[in-house]
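Working notes for the structure below.
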Amino acid sequence: MKVIEVNNLRKEFVLKKKATKENGKKALFKRERSVKNAVDGISFAIEEGEALAFIGPNGAGKSTTIKMLTGILYPTSGDIKVLGLNPSKDRIKLSYQIGTVFGQKEQLWVHLSPMDNFKFFGSIYDMKKDELEKRIEELATIFDIKGYINQPVKSLSLGQRMKCEMVASLLHNPKMLFFDEPTIGLDPIAKETLRKLIKKINRELGTTLIFTSHDVGDIEEVCKRVIIINDGKIVLDDSMKNLKYHHLNKKIVEVNLKNNVKIPEKDGIKVLKAKDTLYKIEVDMNKTTMDELLGLFKADDLQDITISSEPLEEIIKDIYRGKDE
């Protein structure tokens with residue numbers, strides 16, 4: 001079942017040019033206006049229970065799109081259905097069915113304990129006392145926060161706070177969760193713990209996840225599908241499995257030779273770094289083979305070789321720049 005349907009969605013912002021010395025008098029009476037297409041006719045659908053990464057560089061249009069999906073912004077044109085509702089017309093109804101977790105914006109009152117916060121949010125969502133207590137107990141067990149549920153939020157570590165933020169967002173049992181940089185600022189251990197919990201939410205509670213993050217580790221570990229947006233347009237919509245399979249066609253080869261040699265660059269073979277007898281070479285497997293690379297130097301001159309795939313982060317950067325459109 002489709003929980004989000006977006007058809008030819010567009011959002012335009014009218015920009016007014018600032019007054020300068022050259023146009024100062026003219027700008028007093030009439031400012032020049034220009035139109036920016038922040039979101040430029042995109043279409044996509046999300047199935048119930050999906051874990052989707054919706055990513056792009058700063059200014060690509062992802063935040064504008066998310067704001068339209070949650071009813072914060074009105075679209076200029078196009079159609080949106082989220083859980084069967086029109087977000088801009090049914091924002092209050094929709095708010096009871098979705099949740100948000102922001103890594104840079106806290107929703108918890110820091111002077112209160114997580115428990116007091118949860119009771120406060122439960123009243124906002126009109127939850128009955130028995131229902132709320134049962135839900136808090138269930139989520140506190142899943143997220144392992146019982147040890148500090150009654151301490152002031154301000155006394156908790158960032159990782160503990162983020163766990164509590166997630167519990168607060170799940171209290172009303174939303175069908176969909178929007179994550180915006182949820183692991184930002186966390187140490188590696190807390191980051192890994194949070195990623196496992198996010199996957200657990202998706203797997204055990206069946207909650208649909210829409211994930212925005214600049215952390216490639218988040219995307220790779222949590223999401224099964226990726227939509228990449230740039231300049232207001234979708235440049236890639238594919239599964240994470242296909243993304244890694246079809247775009248991981250470049251290998252990074254590091255070799256240590258006995259002697260200095262001149263490695264000629266050929267189509268598909270590019271020397272990235274050369275220092276003494278150490279070489280770092282990029283090999284495009286669509287254009288050449290590893291045997292052809294190895295044929296560029298003598299086998300008995302080879303002391304050590306390491307072959308690795310191009311990091312997913314670099315692949316995504318290339319897609320941002322339009323190399324793989």
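Given the structure is predicted, the values throughout are model-derived calculations rather than measurements. Reckoned from all heavy atoms, side chains included, excluding hydrogens, waters and symmetry mates.
- Between the side chain of N117 and the backbone N or O of S113, at least one donor-acceptor pair lies under 3.5 Å.
- Residues P57 and N230 form a side-chain contact, since some pair of their non-hydrogen atoms from C-beta on lies under 4.5 Å apart.
- The backbone N or O of T207 lies less than 3.5 Å from a partner atom in the side chain of N202, making a donor-acceptor pair.
- Here the side chain of S239 pairs no donor or acceptor atom with the backbone of K224 at under 3.5 angstrom.
- A salt bridge links E221 with K199: the distance from a Lys NZ or Arg NE/NH1/NH2 to an Asp or Glu carboxylate oxygen falls below 4.0 Å.
- A salt bridge is absent between E254 and K280: the closest approach of a Lys/Arg side-chain nitrogen to an acidic carboxylate oxygen does not fall below 4.0 angstrom.
- Here the side chains of F54 and V226 are not in contact, with every heavy-atom distance at 4.5 Å or above.
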Practice task
Take N242 and D238 through the test side-chain hydrogen bond (donor to acceptor under 3.5 Å, both in side chains) and record every step on the way to the result.
Solution key: CA-CA 6 Å; N242 283 343; D238 209 343; 3.1 Å; yes
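- Checked for salt-bridge contact, R225 and D237 meet the test: a charged N lies under 4.0 Å from a carboxylate O.
- F120 and M166 fall within the same hydrophobic cluster, where Ile, Leu, Val, Met, Phe, Trp and Tyr residues are linked whenever their side-chain heavy atoms come under 4.5 Å apart, directly or through other members.
- Note that the CD atom of E50 and the CG atom of L209 stand 10.0 Å from one another [nearest 0.5 Å].
- With Q97 contributing its side chain and L94 its backbone, the two residues share no donor-acceptor pair below 3.5 Å.
- E47 CD to K2 NZ: the interatomic distance, rounded to the nearest 0.5 Å, is 5.0 Å.
- Looking at I149 and F118, their side chains come closer than 4.5 Å, going by heavy atoms from C-beta outward.
- Interatomic distance, CD of Q303 versus CG of N259, reported as 8.5 Å (0.5 Å rounding).
- Atom OH of Y125 is surrounded by more than 12 heavy atoms from other residues, nucleotides or ligands within 6.0 Å.
- A chain of hydrophobic side-chain contacts below 4.5 Å, direct or via other Ile, Leu, Val, Met, Phe, Trp or Tyr residues, connects L69 to L52.
- Residues F44 and I234 have side chains in contact (heavy-atom distance under 4.5 Å, counting atoms from C-beta outward).
- A donor-acceptor contact shorter than 3.5 Å is absent between the side chain of T288 and the backbone of D284.
- A salt bridge is defined here as a Lys NZ or Arg NE, NH1 or NH2 lying under 4.0 Å from an Asp or Glu carboxylate O, and K36 with E12 fails to meet this definition.
- Clustering ILVMFWY residues whenever any of their side-chain heavy atoms sit less than 4.5 angstrom apart, transitively, puts F178 in the very cluster that holds V39.
- Between T208 and I210, the closest side-chain pair of non-hydrogen atoms falls below 4.5 Å.
- Grouping the Ile, Leu, Val, Met, Phe, Trp and Tyr side chains by contacts below 4.5 angstrom, directly or via other members, places W109 apart from F102.
- Here the CG-NZ distance, from D40 to K233, works out to 3.5 Å after rounding to the nearest 0.5 Å.
- The closest donor-acceptor contact from the side chain of N86 to the backbone of S88 lies under 3.5 Å.
- Here K146 pairs with E137 in a salt bridge; the nearest charged N to carboxylate O distance falls below 4.0 Å.
- With contacts defined as side-chain heavy-atom distances shorter than 4.5 Å, the pair I98/L83 qualifies.
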Problem - Step-by-step side-chain hydrogen bond (donor to acceptor under 3.5 Å, both in side chains) determination, N256 to T277 - result: CA-CA 6 Å; N256 184 8; T277 59; 3.1 Å; yes
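- Panel note: side chain S155, backbone Q151; no donor-acceptor pair is recorded below 3.5 Å.
- Here the CG-CD distance, from L197 to E204, works out to 10.0 Å after rounding to the nearest 0.5 Å.
- Both L158 and F143 belong to a single network of hydrophobic side chains, linked directly or stepwise wherever heavy atoms of I, L, V, M, F, W or Y lie under 4.5 Å apart.
- Within the model, atoms CD1 of I189 and CG of L194 stand 13.5 Å from one another, a figure rounded to the nearest 0.5 Å.
- Looking at heavy atoms from C-beta onward, K81 lies out of side-chain contact with I4 at the 4.5 angstrom threshold.
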Practice task
Carefully, step by step, assess D126 and Y96 under the rule side-chain hydrogen bond (donor to acceptor under 3.5 Å, both in side chains).
Solution key: CA-CA 10 Å; D126 302 321; Y96 280 83; 2.9 Å; yes
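- Between the side chains of T183 and E192, no donor-acceptor pair is found at a separation under 3.5 Å.
- The backbone N or O of I198 lies less than 3.5 Å from no partner atom in the side chain of R203, so there is not a single donor-acceptor pair.
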Exercise for the section: Start with the C-alpha gap between D180 and T212, add the side-chain angles, then the distance that decides, and say whether side-chain hydrogen bond (donor to acceptor under 3.5 Å, both in side chains) holds. Expected result: CA-CA 5 Å; D180 184 24; T212 65; 2.8 Å; yes
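- Proximity of F121 to H172: side-chain heavy atoms (C-beta onward) are nowhere separated by under 4.5 Å.
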